[in-house]
Participant: 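Shown below is the structure under consideration.
Letters A, B, ... are given to chains in the order of the sequence lines, protein chains preceding strands, and every chain is numbered from 1.
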Amino acid sequence: MHKYVIKRLIMLIPVVIGVSFLVFFIMSLAPGDTARMILGEDAPIEAIEALNEELGLNDPLLIRYGRYMLGLAHGDLGTSYKSGRSVFSEVVSRFPDTLKLAFWGMVFAIVLSIPIGIISATKQYSLTDSISMVFALLGVATPNFWLGLMLIIGFSLHLRWFPSGGSEGWKSLVLPVITLGTGCMANITRTTRSSMLEVIRQDYIRTAKAKGVGSRSVIYKHALKNALIPVVTVIGLQFGSLLGGAVLTETVFSWPGVGTYLVNSIKAKDTPAVLGCVIIFSICFSIVNLCVDILYAYIDPRIKSKYK
Amino acid sequence: MENQRAKKRSMAVEVWQRLARNKMAMLGLAILIVLALCAIFADVIADYDTKVVAQHIPERLQAPSAEHWFGTDEFGRDIFARMVHGSRVSLVVGLISVSVSLIAGGTLGAFAGYYGGRVDNVIMRVMDIFLAVPSILLAITIVAALGTSLVNVMLAIGISGTPGFARIVRAAVMSVKDQEFVESSRAIGASNATIIFREIIPNCMAPIIVQATLSVAGAILSTASLSFIGLGVQPPDPEWGAMLSSGRNFLRDAMHLTLFPGLAIVITILALNLLGDGLRDALDPRLKQ
């Protein structure tokens, strides 16, 4: 098992290098002179040239990337053009808020979706199944930023139950969490249902029933364990859309996380800040995928046995 | 040749018959036909210059009425007219960006699946790197770097969808590349390109069609998301996400500004998902069982 975890950890290194290079390369395509952007349109050419030289912007792409990665290894993501502060400290100071939102969004999605998926599958074609599937379909089709706006209209402006923005207290967390988690919930519900439907038709489930095992035990001990692999895969994949969704959800609710910082940095054409945010998000996504892969091994003994 | 054509026709008829039996898929298809008609005849339904972009400040923020079905926005423009023209942007961006993903991802996936070995390894590791960046974040990064324009939005969404198609086409190609009809084509001296594009790809269209349908929904959602944060279509051009974004400032007094464009996005994506699910069942009935 340790071998498997170590192998997956080693495989994370080229992914992080590749992802950071991809994002670095894309951002290097941005038109415009960085030094001119920092010094202003009226700055003399000599000053612009000198700053370009000082920032190393005249060096080839690979050299600049190497320098950036060296900085990243030391916790340095460059300096924001807008605030003049370290991008790393800006991102790190906002990261707990984004993580809080993503964590509770995922908890909301998992806690609701798995039981609904199981009930839908065990009562296929019933009214409960139809209603939950309609909600799941709507959940997949609803853009989270629109859902957020509708929740603000209903629960903030009319009912005044929850605040429409900010991050003070648990009440401010409710609407953003529902907004962020609904799409994931819908996807996980659909996967849980179809995976459970496939499993409960297997011979070993029929055998368990024939042996007289109680239906609750058949569902939760025999079927659910085997149905969990695709569900865990979807949860891992959904984390990516959760991070992307966090950018929009944070914008809607003025949530002071990395997403809002990213959008503001894009508007200010603050390239180091955009680069830093996307790289941090992508590394998080890769780490979550790694955790999902490790989780497979715990759920599926076949994977564990391969590495014994 | 005649036999082959008849066989293809009969397969298409069979798939259509299976699809036609699926009421939800037919509902999705009907909604999409209405939307396509709206997009095609947008200029007939509402004049672009006078109704969509021209401002009528005295009529600003009017609630839905017989004259303005979905009300007016902060500049007095008719929301229904803007939504009809917005459908054109959404559908065009959706279709073109998915075509970019399909052509790029399909070609890469086909080469990876057909040649295998080192070619497969190199292509798929690069695709894995693309997949490690959440797709909307990749699109945001590309537009942030290249600048906001409709072409860049289509390119960004197209590139972020490429790895998904590469994976699906690769898997489909691998499943048919060792079959007899491919071997016989090779035996009569067909080139690799001919074998890939004339023999293999037409025989693994089912998953590609399903993925393409579902990807159009994803692309429309991504376009709206980019516009919502100010990176997509720029004012005064109408786009559903951009309309939602500008309506945010009037949530309390004029919720119709955000309600209707949002509903349009939901209905379109729902229709594409219903059709995509229906196509999957019709093209591969084993999945339904």
Side-chain angles (χ1 to χ4, degrees), chain A residues 14-23 25-32 137-138 140-147 149-150 152-153 156-158 164 183 194 237 239-245 247-248 251-252 259 262-263 265-267 269 271 274-275 277-279 281-286 289, chain B residues 24 125-126 128-148 156 159-160 214 217-218 220-222 224-226 228-231 240-241 244-245 247-248 251-253 255 257-259 261-274 277 287 289:
Chain A
V15 173
V16 170
I17 294 173
V19 166
S20 53
F21 181 73
L22 173 70
V23 179
F25 172 71
I26 294 170
M27 289 312 292
S28 74
L29 298 174
L137 260 175
L138 283 173
V140 173
T142 306
N144 64 359
F145 49 91
W146 183 68
L147 177 65
L149 295 175
M150 292 299 111
I152 288 177
I153 292 172
S156 271
L157 302 179
H158 289 289
S164 62
S194 59
L237 289 173
F239 194 80
S241 58
L242 207 72
L243 288 177
V247 176
L248 296 149
T251 308
V252 171
L262 171 64
V263 173
S265 304
I266 290 169
K267 284 176 183 162
K269 294 195 170 25
T271 312
V274 176
L275 188 60
C277 291
V278 178
I279 286 180
F281 269 142
S282 305
I283 292 174
C284 280
F285 186 37
S286 302
N289 279 335
Chain B
M24 297 307 270
R125 291 304 74 80
V126 173
D128 283 347
I129 288 168
F130 274 81
L131 281 170
V133 187
S135 62
I136 185 69
L137 276 181
L138 185 59
I140 288 175
T141 313
I142 295 170
V143 181
L146 300 181
T148 48
I159 291 172
S160 60
L214 297 172
I220 290 175
L221 193 57
S222 299
S225 305
L226 288 172
F228 184 75
I229 54 173
L231 288 177
W240 296 339
L244 269 179
S245 181
R248 275 174 70 193
L251 287 182
R252 189 183 294 273
D253 305 314
M255 70 171 281
L257 262 70
T258 41
L259 179 69
L263 279 178
I265 300 173
V266 174
I267 291 169
T268 309
I269 295 172
L270 191 66
L272 282 160
N273 282 337
L274 290 175
D277 286 352
L287 289 173
Q289 284 156 20

Participant: Measure the shortest side-chain to side-chain distance between B:Leu259 and A:Trp146 over non-hydrogen atoms and say whether it is less than 4.5 angstrom.
Facilitator: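 Side-chain contact under 4.5 Å: yes.
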
Participant: Sort A:Ile152 into side chain, backbone, both or neither according to what part of it lies under 4.5 angstrom from a heavy atom of chain B.
Facilitator: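 For A:Ile152, the side chain is the part near chain B, not the backbone.
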
Participant: Can you confirm whether B:Leu214 sits close enough to B:Leu272 that some side-chain heavy atom of one is under 4.5 Å from a side-chain heavy atom of the other?
Facilitator: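 Side-chain contact under 4.5 Å: no.
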
Participant: Could you tell me which portion of A:Ile266 (side chain, backbone, both or neither) has an atom closer than 4.5 angstrom to a non-hydrogen atom of chain B?
Facilitator: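 Contact with chain B is through the side chain of A:Ile266 alone.
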
Participant: Salt bridge (charged side-chain N to carboxylate O under 4.0 Å, His left out) with B:Arg125: which residues, sequence neighbours excluded?
Facilitator: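 Applying salt bridge (charged side-chain N to carboxylate O under 4.0 Å, His left out) to B:Arg125 gives B:Asp128.
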
Participant: Select, from A:Leu149, A:Thr142, A:Val16, the one with the greatest count of heavy-atom pairs under 4.5 Å involving chain B.
Facilitator: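 Winner by heavy-atom pair count: A:Leu149.
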
Participant: Under a 4.5 Å heavy-atom cutoff, which of B:Leu146, B:Val126, B:Leu263 has the most pairs with chain A?
Facilitator: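 With the most close heavy-atom pairs to chain A, the winner is B:Leu263.
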
Participant: Please rank A:Gly244, A:Ser28, A:Pro143 by heavy-atom pairs under 4.5 Å with chain B and give me the top one.
Facilitator: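 Answer, by heavy-atom pair count under 4.5 Å with chain B: A:Pro143.
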
Participant: Are A:Val278 and A:Ile26 packed together at the side-chain level, in the sense that at least one heavy-atom pair is separated by less than 4.5 angstrom?
Facilitator: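 No, side chains not in contact.
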
Participant: Is it the backbone or the side chain of A:Leu22 that comes under 4.5 Å from a heavy atom of chain B, or both, or neither?
Facilitator: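 It is the side chain, since no backbone atom gets that close.
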
Participant: Considering only heavy atoms, which portion of B:Leu274 lies under 4.5 Å from any heavy atom of chain A: side chain, backbone, both, or neither?
Facilitator: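 The side chain, not the backbone.
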
Participant: Please flag which part of A:Leu262 lies under 4.5 Å from any non-hydrogen atom of chain B: side chain, backbone, both or neither.
Facilitator: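 A:Leu262 touches chain B through side-chain heavy atoms alone.
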
Participant: What I'd like to find out is whether the side chain of B:Ile140 reaches to under 4.5 Å of the side chain of B:Leu226, using heavy atoms alone.
Facilitator: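 Yes. Closest side-chain heavy atoms under 4.5 Å.
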
Participant: Against chain B, label A:Met150 side chain, backbone, both or neither, depending on which of its atoms sit under 4.5 Å from a heavy atom there.
Facilitator: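 Interface part for A:Met150: side chain.
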
Participant: Step by step, work out the side-chain contact (heavy atoms from CB on, under 4.5 Å) result for A:Leu243 and A:Cys284.
Facilitator: CA-CA 9 Å; A:Leu243 288 177; A:Cys284 280; 4.3 Å; yes

Participant: For B:Met24, does the CE atom sit with more than 12 other heavy atoms under 6.0 Å from it, leaving out its own atoms?
Facilitator: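 Atom CE in B:Met24 is not packed in, count stays at 12 or less.
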
Participant: Taking side chain as everything from C-beta outward and backbone as N, CA, C, O, which of these in B:Leu138 sits under 4.5 Å from a heavy atom of chain A? Side chain, backbone, both or neither.
Facilitator: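 Side chain only.
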
Participant: Please flag which part of B:Leu231 lies under 4.5 Å from any non-hydrogen atom of chain A: side chain, backbone, both or neither.
Facilitator: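 For B:Leu231, the side chain is the part near chain A, not the backbone.
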
Participant: Less than 4.5 Å to any heavy atom of chain B: does that hold for the side chain of A:Val252, its backbone, both, or neither?
Facilitator: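 When you check distances to chain B, atoms from both the backbone and side chain of A:Val252 fall under 4.5 Å.
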
Participant: Flag the pair A:Phe285 / B:Leu137 as yes when at least one side-chain heavy-atom distance between them is below 4.5 Å, and no otherwise.
Facilitator: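 Answer no - side chains too far apart.
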
Participant: For the interface with chain A, which of B:Gly230, B:Ser225, B:Ala144 has the highest count of heavy-atom pairs at distances below 4.5 Å?
Facilitator: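 Top count of heavy-atom pairs under 4.5 Å with chain A: B:Ser225.
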
Participant: For B:Ala139 and B:Ala156, which heavy atoms make the closest approach, and how far apart are they?
Facilitator: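 Of all heavy-atom pairs spanning B:Ala139 and B:Ala156, the closest is O-CB, 3.6 Å.
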
Participant: Below 4.5 Å from any heavy atom of chain A, which atoms of B:Ile136 appear? Answer side chain, backbone, both or neither.
Facilitator: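 It is the side chain, since no backbone atom gets that close.
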
Participant: Checking B:Ala217 against chain A: side chain, backbone, both or neither under 4.5 Å from a heavy atom?
Facilitator: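 Neither part, no heavy atoms under 4.5 Å.
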
Participant: Quick one: what part of A:Ile153 sits under 4.5 Å from any heavy atom of chain B, side chain, backbone, both or neither?
Facilitator: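 Looking at A:Ile153, just its side chain touches chain B.
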
Participant: Please identify each residue that fulfils side chain to side chain contact (heavy atoms under 4.5 Å, CB included) with A:Thr251, with sequence neighbours left out.
Facilitator: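 Checked A:Thr251 against side chain to side chain contact (heavy atoms under 4.5 Å, CB included); matches are A:Val263, B:Ile229, B:Arg248.
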
